[in-house]
Number of protein chains: 2
Amino acid sequence: MTSTSRPSPTPTASVDPTEPRWLTPAEQHLWRTFMRMRQQLDAQLARQIQAESDISIADFSVLVVLTDVPEGRVRVLELARNLQWEKSRLSHHLARMVKRGLIERAECTEDGRGSFVVITDAGRRAIEAAAPRHVELVRTLFFDPLSEEQVTQLTQISERILGAMEGCPEALSES
Amino acid sequence: MTSTSRPSPTPTASVDPTEPRWLTPAEQHLWRTFMRMRQQLDAQLARQIQAESDISIADFSVLVVLTDVPEGRVRVLELARNLQWEKSRLSHHLARMVKRGLIERAECTEDGRGSFVVITDAGRRAIEAAAPRHVELVRTLFFDPLSEEQVTQLTQISERILGAMEGCPEALSES
DNA sequence: CCGATCTGGATGACATGTCAACCAAAGAGG
DNA sequence: CCTCTTTGGTTGACATGTCATCCAGATCGG
């Protein structure tokens, strides 16, 4: 999946700058394993939360931010930045969540264009119901298999990659 | 996002088995960083391939498998297993790819129900056009920031987590 | 050979995400 | 003030993913 093997015969030690730097077998293996791992992880977390509660994992993420914040009340763009979602995705999603009664809108008096998102009681109940099993699964699938050392390593690795992306030519989602 | 902080006051050293094992601040930090990292990574790869070629990253993944296989020809379920996609997702996606001329169907004589998927010339051209820049970006974003040691570490980590999921109570996508 | 069941796969309804275009309020700059 | 640009946010069309259901061909037990 999303793979990157050399599709053609093999000019093994090429220094041709027009020839892309194909992945070595070891790199290839990491890339595939990594992708498969994160994909399974996502899928399991999504499936579990969907199956055992009334909300999706996307709802969950939104609600998490809202419970983390004073009065359960945030500006939409603040939310978008926090979640790193495109604003249009967020807009659509918030509309659906309003329809389901998980959140409400509130007018923003300081800025006539803006609007606030507020968590409702139903929303609070929903996330409180979903959270414990979710954390448990995160632990089981992600933390339990790792040693303390590996946790440290993975932290550094993630920070490295993330850091590298922040200064990348490719536009980050418009923030 | 998809967070797991303790939503309430703090019974720090609780051994209550009904109380979920909330994440420590360090774990929390890793979890958030990791999720953000993989999300950015995905987004960038998807955006780039979409912008610079005629295919999506999903198309790309499918085509990769097809170019990896004799005669560019695979059974649908084989493809599903390889990609770890649900069969219905795959079915829909293949239909779209046929419509775009990237692949074709071929009858399966050994098994009357089954069908083969075959890559077309257009499909081959499409992936060959997309691959070099894609690998290059994978390198830039993922491998270049890491030391050799970290590559080794991440390989082990990914294998660990993936391994743990294979024997998990939660159903893996029906394979 | 025959029904019961399993398997490979397609389908429809629906949830979700993306892109581009739009809109109104807020800040410039003159 | 009065345009011009920016910003915060929504919208519609469309691509994609999920779930449940369906269906025909294969297999299995007699």
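Throughout, protein chains are lettered first and strands after them, A, B, ... in sequence-line order, and every chain is numbered starting at 1.
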Please report the distance, rounded to the nearest Å, between CD in A/E110 and P in D/dG8.
13 Å
Length of the line joining B/L102:CG and D/dT16:C1', which is rounded to integer Å
15 Å
Nearest nucleotide by nearest heavy atom, which residue falls closer to the 5' end of DNA chain D, A/Q50 or A/S88?
A/S88
Does D/dC19 have OP1 or OP2 sitting under 4.0 Å from an N or O in the side chain of A/R47?
no
Check whether any side-chain heavy atom of A/L41 lies under 4.5 Å from a side-chain heavy atom of B/L162, and answer yes or no.
no
Starting from P on D/dA24, measure out to CD on B/E107 and report it in whole angstrom.
16 Å
Closest to side chain of B/S56, choosing from C/dG9, D/dT10, D/dT16:
D/dT16
Sugar-phosphate only, base, or nothing, as touched by A/R75 at under 4.0 Å among non-hydrogen atoms
sugar-phosphate
Distance-only polar pair, side chains of B/H29 and A/E159, donor-acceptor under 3.5 Å
yes
Determine whether any donor atom in the side chain of B/R89 lies under 3.5 Å from an acceptor atom in the base of D/dT18, or the reverse, and answer yes or no.
no
Hey, is the side chain of A/R100 poking within less than 4.0 Å of OP1 or OP2 on C/dT16, counting only N and O atoms?
yes
Roughly, in whole Å, what's the span from NZ in A/K99 to P in C/dC14?
13 Å
What does A/H92 touch in the nucleic acid at a heavy-atom separation under 4.0 angstrom: a base, only the sugar-phosphate, or nothing?
base
Quick one, A/L23 and B/R139 - any side-chain contact, counting heavy atoms below 4.5 Å?
yes
Within-4.5 Å side-chain heavy-atom neighbours: A/H93 and A/D59:
yes
What is the distance, rounded to the nearest whole Å, between atom CG of A/L77 and atom P of D/dT6?
17 Å
To the nearest Å, how far apart are A/I55 CD1 and D/dT18 C1'?
18 Å
Distance in angstrom units between B/L90 CG and C/dA10 P, rounded
8 Å
Mind telling me whether A/F34 and B/F142 have parallel, tilted or perpendicular rings, with 30° and 60° as the class edges?
tilted
Would you indicate, yes or no, if D/dT16 has its OP1 or OP2 atom less than 4.0 angstrom from a side-chain nitrogen or oxygen of B/H93?
no
With respect to the side chain of B/R113, which nucleotide from C/dA10, D/dT11, D/dG25 is positioned closest?
D/dG25
Out of D/dT18, C/dA10, D/dG9, which nucleotide sits closest to the side chain of B/S115?
C/dA10
Using a cut-off of less than 4.0 Å, is there contact between a side-chain N or O of A/R105 and OP1 or OP2 of D/dT10?
yes
